[in-house]
Structures are given as C-alpha cells and as structure tokens.
Amino acid sequence: MNYPFWEVPYLGGGMLIGLIATLHVFVSHFAVGGGLFLALMERRSYRNNDTELLSYVKKHTNFFLLLTVVFGAVSGVGIWFSIGLVHPEATSLLIRTFVWAWAIEWVFFAVEIAALLVYYSTWDKLAPKTHNLVGWIYFVSSFMSLIVINGILTFMLTPGKWLETGSFFDAFFNPTYLPSLIMRTSITLALAGVYAMFTGSFEREAFKVRIIPHASIWLMSAVPLLLVGLWWYFQMIPPLSQHIVKGGAPIVQMFAALSVFFSAIVFPFAYFLAYRYPRYFSPALGVLFLIMALGATAVTEWVREAVRKPYVIYGVMYSNAIYKNDLARFQQNGFLNEAKWTTVREFDPNDRAQLLAAGEQMFRGQCGHCHTTDGFNGVKPLVYGWGEPFLYEQIGRLNELRRFMPPFVGNDEERRALAAWLYELNGEIPPLSDAKGARDGVAESR
Amino acid sequence: MASPNPADLIPSAGNIPLPGPEWLFHALLVFTFILHIIPMNFVLGGGVTTLYAEIMGSRRNDDRFRRLARGLAQITPYATAAAITTGIAPLLFVQVLYGQYFYTSSVLIGSFWISVIALLIVGYYGLYRNSFRVKHGKSLSMWTAWGSSIIFIVIGFIYSNNMTLMLTPEKWRDLYAAGGHTLNLSEPSLYPRYLHFLVGSIAVSGALVVAYGLFAWKKDDGYGRWLVRAGAFQFIAVTGAQFIVGFTFLFALREEWRMIFLGGSVYATGLLLAGLTFAVVSMALFLIAALRDRPATPAIAGMIALALTITFMAMMRDALRRHALEPFVTSFNVVPQTVVMTAFFVLFVAALAIIGWMVAIVLRAGKSTGKASD
C-alpha cells in the first residue's frame, strides 16, 4: 500500500472507472467519426447546392458541439481523475512513460476544441470553403488524438518489447496497437452513423428518406471492419486473456459474445429499419439504436478491461497495484510491514481483534481494487459458507483457483488475518442441507 | 500510518525514469498553468460579473448592464472550453513531477475530487443554456446563472483544498482516518489562498470587460466607453481589495514558508516585488484608460502589465510548492525521450499557428460582416 486506498462504496473503484469510461468512449468516438461526417456532408451540400442538407448539417453541429465539447471533453478528464484515485500507482507509471505522448494528444485536443468552436460559431460568417476547411482541421486533429491515445491504452494489455527495452516506441507501437486502431476507427464511423440516424429521425419525411439511409450506410459499412479488428485483436492478446474470453471467466465470455452479437445484430437492424424503410424511422427507433450502440460499447470496453486481469499493466503490475517484482520481498517481510498506508503493521495473531483489524487492512490493500464487501463483485456473497480453514487454504491459491486473480502476497500470519476477516463477514451460517435451519438463518440475519 | 514521521507516508515514485529534464517539466508546468489561470478567471469571475450586471440591470433599469450580462453570457462558454483545455496540461505536468503528493492528496479528498467532474458538466451546460437563451433573444435565466456561478466557486474551493493538501504530508494521517469524505478544512492558509484566487478572478474579469468594451466601441462608442470605465473601475477596486487578501494569505502561511517571500530567498522575494509592482502599474494604466477618450493604448498596456502580474504570481505559487516539498523530494533518474519530446514542441508550435490562423479568420469575418455579437 504505497498509496492510500480510496474506497468507493457498493460500486468499487474499477466499476466507477468503467462507468465513466464507457460513457466517454460512446461520445468521444462519435466526436471523431462525427467530425468526418460533418466535413463530408458540408462539402456535399455545397457541391450539389443542397440547402436542405446544409440546414441539417447546421442543426447536427449544435447537437454535436453540446455533446462532445461539454460531456465528451469533461468525461475524458473524468477518466483521468478516476484512474488517479483508484490506481495512482499504475497512473503514475503511465504518466512517466507517456508524458510526451499525452502532451502531444493535448496539442491535438486543443486544436480540435478550437476548430469545433470556430466551426460552430461561423456558419454564414466565413466563406463556405474556409468554413469547410475548419471542419477538416477538426476531423484530422480529433483522429490524431485517437491515434495517440490508442498507443497508451493498448500498452496496458500488451506492453510487448517495452518489458525488455523500456523504449517509448516499443511501448507505444505494441502488438495490439494496429488491431485496436482498426476497431476504434470502425467504432467512430459506426457511431457517426448511429448519431446521424438519431438527429435525422427528427427531420421532415422528405429529407428523412435521404439522410437516414445514408447514415445507416456509415453504420453498416463499419461492421465488417469492426469484426476484422476484433478478430485480429483477439489473436494478439496474451494466451491467458484468450482463455478468459473463451470461458475461463463465464461472465467475460458472455459479455464478449454479447459484444460480437450487438455488433453483428446491428447490421440487419440498420438494413431493414433504416436503409430499406427510412420513412418510418422515428425518434424512438433512433433512441433504440443509440441504446444498442451504447450496449455494444459498454460490453466491449468491459471485456477489454476484464481480459487484462490479473494485471493492470500486463506482466508488470497486478490489478491490486502490486508490482510483480515486489512479490518476493512482500512474501518475506510481510505485506503490512512494507506498506506505507496501513493502520496495522505488527499484530498479535492470537488476539482476534488485532487479527481482524489486520485482515481488513489486507483486504484494502489486496482485494479492494476489484472487490467491494457488499456491492459490485462483493466478497461477502462470494465467500458465503466458506469456513475459516477453507478460506485460508483458498487465499494461498488464489491464482490457481481463478487464473485472473493476482496471487496473495504476504506472510502466513497475514494470510490467517485475511481469512479471519473474510470469515467474519458472514459469520457462522447454518448448513445447506437443513431447510428449516436455513429459514431460521434468514430470520436471524434480519 | 503507525510510524510518526510524515515523510514515511509519502509514496515512492517508482523506478520509471523521468523522460525529459526536470527543469523543462517545471517550465512547462508554470507556463501552462498561466495559460490555464487566465481563462479560468474569465469563467469564475465572468460568471460572477454576469450575475452582478444582470442584477444591476434590473435594479437600476439600466440596459447597458443587461447588455453586458448578455455579452458575458455568450463569452463564458468559450472561456470554459479554453480553461478546461489549458487545464489539462498543468494537470499532466504536476503528475509527472509531483505524482506521489498529488495522487495522495486527491485520494484523501477523493469523493470531493471526483465530484468536480459532475459539477463541471452541470455548470458548463448551465453556461450554454444561458448562451442559447441570449442567442434566441430570451432573457437570462437567473436560476441557471446562479447555479453555474456557485458550481464554479465550489470547484475552485475543492481545487484549493487539493493544492494545499498535497504540500502538507503531516496532515495526511488524520485525514486518511476520515476515509476520503472530508476536505482539508483545518489548513489555516486554505481560506485566504482560495479568496486570493476568487478575488483575483473577479479583478481579471474587469479587464475582460475592458477588452469587450474596446471591441464594442467601434459599433457603439457610448456603450464601449461605459464598458471600459465599468471594467476598469471593477479591476481597480477589486485589485485594491486584493492587496489586503494577498497579504492576509502571506501572513497565514507558516513562518518558514512565508519567509522565502520576505527576504529568505532573493528569487521568491523578487517575484513578490515584481508582482506587486506590475499590479500597481496595471491599476494606474486602467485608470488612465477609464479617463481617456482613446483608451486602447493604456488599456492594452494595462492588460500586458496584468499578464505579467499573473505570471509572477504563478511563479510564486511554484516557488512556494518547491519550498514546501523540498524536505521530501528525491532526485529523478532522467532518461530523455528526445524524439517524442521534440515532436511535442514542433506540434505545439504548429498548433499555435493553426489556432492563430483560425482566430484571425474569425476576427476578419467579424469585421467584414459588422454584425454585433450580442
């Protein structure tokens, strides 16, 4: 516990990051693809002297600005805030390694924001060509910011040769860099289509039948690219991550299946509901597509995070912020002895109160990054019915029991402490076979 | 936490080398903070000034105040975008140099720190709401204007908490026991420090009103003159008050910190003197601008003097931080990433050129159409 531990009640820190990140991804990828959509549509409306299309593009810009500049930008800062709070150790490593990449991303981001604000506020004030050029500046800089952040995101799962060389370029252009870039690019195009279908659904019928099929083409054409990216990405991730997706962790397997399912099912939906029968494409359908797209984004991001277990930075740092290299030292000297932020350091294992206090500190330091007690991924239900000796046994074999969990780190007394604390979460419970006893148990717990 | 020495709580920074010279990160931290603090002042002080102008407008039934409120309501969303964008860079560089202090203090006030994000989204949308109302010829929503202003005032307070807490490891132990649901309220220098920022932002917004007046002058010289005067007097009066707040802050600092500005360090003392000098110079220049028929030259000179004051104040802030953390800092293992570092500077210059070009075409378009922005 090099850093103090930030407890997020019921949700857990990982889930908090996940929630913020999912919403951010859903908007920020639109901010990239939607930029291309705007620039292209504006150009087309000038070329064909299409005032109807131009007036739609203007309206779409207002929506685009309010969503991306405010929510998109601030939620991006939000990811940063949340990872700093939940994973200061890993964030520190990333910042030190990638500060110049982040600084470059910031430069593109600044151009992106400036261009969008100019674009939004100068319709009818700039010459059409100049205005369209600002739109292109926006799109190129937003795509560049994706190109940069993609290197940092993929590094966490596949640090590749960096592990030996420590070189920036090995870290950045890591094994999943390209497949992930293909995936993310296809998502930007798909979301550009989905959001355009949404704003298009409010249009008059005469224009709707033009814009909805066009928007649906953006979505449908992204699907094959996305599936190729997903497949390639899967080939490049570590064997254990593949194993987790293939069923090593059933929930991850299910979510991965859902990710592919959502991505694939959206194709026939888009074809029939939008491309073939655009006249009937109502705002409610527009919302339905947004929900499907958000669902796809959520499960995909969730799987991407889940397959990185038991690490937060693969092969370097476990999900609970413990450097792999420190394992032996902690094992020998004791985890709490080496920890900076603990209320208990040395304790008498024969004193139950001291043992439990130490156990709680062990939980904070080694389990709390992924588990809550009662809420999401809560340990209380997970260890329900486990006796103390059984807990002690399992704790010592965590990484065998569940390959995606980090090993327990600490000395024997600390292992006993954690087992005792986990046991006391549920206390003594009646045996399973005794139905009457079980009912009494429920009554007692009330 | 069982050991008594606060230094024992400071996390180790890990063994990942610093990818560039330490002085460069320091320079970037201070430079980008200056870029951030100016639009941040426009957001915070501009929101307060909007409210004040709207209230005065209806009290005195004076349309000039109402026009000012509407004008500011349209500027503040842009200022917010600028403040957020420029705020990312110092947040990055502070993590590079001071990660172990910054993350720790952030965690200790964790629930407040993360709430900044939600508050910012709500406050920012509030500014846009009023901006759209003005665009569509409606009156400002006072409820929204109050809401956004209060939100930004609260965000500033949370920031002041974190920035003071990261400097005082001896406070960490007790706050950790409270479990991330408390602020650094026991720090005596917190309140004057925060007030120093708040008052400063209202003063700087006076300068924004002057700049706005210079633009408005060309279309309506009566209104422009009124704006320049109102802004200049706001700046002068609030900066006058700032001298009191600033010295209160200085004397609220613990003695060993205060003394660096009072002769203990030639560098820090020089910064204080330079900052005070340029503050007085800017007040005088804004006074001249308020009294003159052609205020542009003294007003712009006053803004330059103000920018220098802000620069010296930002450097003082950095000097204080360095001094406070001096007993704890360890040296960095530096392995520069020369190629990426160079790429950053090249792209940074290119970005400035592109942004400059875009601003230029906007200004040129504004001139040629002659459309009033309100």
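Order of the sequence lines sets the chain letters (A, B, ...), proteins ahead of strands, with each chain counted from 1. In this text the structure is predicted, and so the values were computed from the model without any measurement.
Residue B:L97: no heavy atom, backbone or side chain, is found under 4.5 Å from chain A. Contact of B:V335 with chain A is not made at all, since no heavy-atom distance falls under 4.5 Å. B:I114 touches chain A through backbone and side chain together, each having a heavy atom under 4.5 Å away. Looking at A:T91, the atoms closer than 4.5 Å to chain B (heavy atoms on both sides) sit in the backbone and in the side chain alike. For a residue to count as touching a neighbouring chain, one of its non-hydrogen atoms must lie under 4.5 Å from one of that chain's; by this rule A:W106 touches chain B with the side chain only. Both the backbone and the side chain of A:S82 come within contact range of chain B, with heavy atoms under 4.5 Å apart. The parts of B:L347 that come within reach of chain A are both its backbone and its side chain, each placing non-hydrogen atoms under 4.5 angstrom from that chain. Both the backbone and the side chain of B:A13 come within contact range of chain A, with heavy atoms under 4.5 Å apart. Only the side chain of B:F132 comes within less than 4.5 Å of a heavy atom in chain A; its backbone stays farther off. With a 4.5 Å cut-off on non-hydrogen atoms, B:L352 does not touch chain A at all. A:L133 touches chain B through its side chain: at least one heavy atom from C-beta onward sits under 4.5 Å away, while N, CA, C and O do not. Only the side chain of B:T32 comes within less than 4.5 Å of a heavy atom of chain A; its backbone N, CA, C and O stay farther away. For B:I354, the part lying under 4.5 angstrom from a heavy atom of chain A is the side chain only. Interface remark: A:F172 contributes no atoms to any contact with chain B (heavy atom separation under 4.5 Å). With a 4.5 angstrom heavy-atom cutoff, B:V359 does not touch chain A via any of its atoms. Contacts of B:F344 with chain A are made by both backbone and side-chain atoms, with heavy-atom separations under 4.5 Å. B:P17 touches chain A through its backbone: at least one of N, CA, C or O sits under 4.5 Å from a heavy atom, while the side chain does not. Interface residue A:I104: backbone and side-chain heavy atoms are both found under 4.5 Å from chain B. Contacts of A:A115 with chain B are made by both backbone and side-chain atoms, with heavy-atom separations under 4.5 Å. In this structure, the portion of A:I113 lying under 4.5 Å from any heavy atom of chain B is its side chain and not its backbone.
The aromatic rings of A:Y119 and A:W123 stand perpendicular to each other, their planes meeting at an angle above 60°, with 30° marking the opposite boundary. Using bins of under 30°, 30° to 60° and over 60° for the plane-to-plane angle, the ring pair B:W113/B:F102 lands in the perpendicular bin.
Counting heavy-atom pairs closer than 4.5 Å to chain A, the top-ranked of the candidates B:A89, B:A350, B:A343 is B:A89. Chain B forms more heavy-atom pairs under 4.5 Å with one residue of A:S121, A:A127, A:G166, A:S75 than with any other, namely A:S121. Ranked by heavy-atom pairs under 4.5 Å with chain B, the list A:S167, A:A101, A:S141, A:G78 is led by A:G78. Between chain B and the options A:F168, A:W80, A:F98, A:W100, heavy-atom pairs under 4.5 Å are most frequent for A:W100. Contacts with chain B were tallied for A:T97, A:T122, A:I20; A:T97 has the most, counting heavy-atom pairs under 4.5 Å. Of the residues considered (B:T86, B:T80, B:I84, B:I361), B:I361 shows the highest number of contacts with chain A, using heavy-atom pairs under 4.5 Å. In terms of non-hydrogen atom pairs under 4.5 Å with chain B, the most contact-rich of A:F71, A:F109, A:F81 is A:F81. Residue with the most contacts toward chain A among B:Y128, B:W357, B:Y124: B:Y124 (heavy-atom pairs, distance under 4.5 Å). Heavy-atom pairs under 4.5 Å with chain A peak, among B:I121, B:N15, B:L28, B:L92, at B:L92.
Panel note: side chain A:T342, backbone A:V344; a donor-acceptor pair is recorded below 3.5 Å. Looking only at distances, a side-chain donor or acceptor of A:S145 sits under 3.5 Å from a matching main-chain atom of A:S142. A distance-only check finds a donor-acceptor pair linking the side chain of A:R96 to the backbone of B:I16 [under 3.5 Å]. Side-chain atoms of B:N161 come within 3.5 Å of backbone N or O of B:F157 as a donor-acceptor pair. Checking side-chain atoms of A:K340 against main-chain N and O of B:I10 turns up a donor-acceptor pair under 3.5 Å.
Here the shortest heavy-atom pairing between B:V96 and B:F332 reads O-CE2, 4.2 Å. Residue B:G126 comes nearest to B:S148 through the heavy atom pair CA-OG, 3.4 Å, listed as atom of the first residue, atom of the second, then distance. Contact record, A:T68 with A:L116: OG1-CD2, 3.4 Å, taken as the closest heavy-atom pair.
No hydrogens or angles considered: nothing links the side chains of A:D348 and A:Q354 as a donor-acceptor pair under 3.5 Å. Donor-acceptor pairing under 3.5 Å is recorded for the side chains of B:Y103 and B:Q95. Side chain to side chain, B:S141 and B:N130 fail the donor-acceptor criterion of an N or O pair below 3.5 Å.
Proximity of the aromatic rings of B:Y212 and B:F215 is defined here by a centroid distance below 6.0 angstrom, and this criterion is not met. Between B:Y176 and A:W341, the ring center distance clears the sub-6.0 Å criterion. In summary, the aromatic rings of A:Y177 and A:F173 are positioned with their centroids under 6.0 Å apart.
With contacts defined as side-chain heavy-atom distances shorter than 4.5 Å, the pair A:F5/A:F363 does not qualify.
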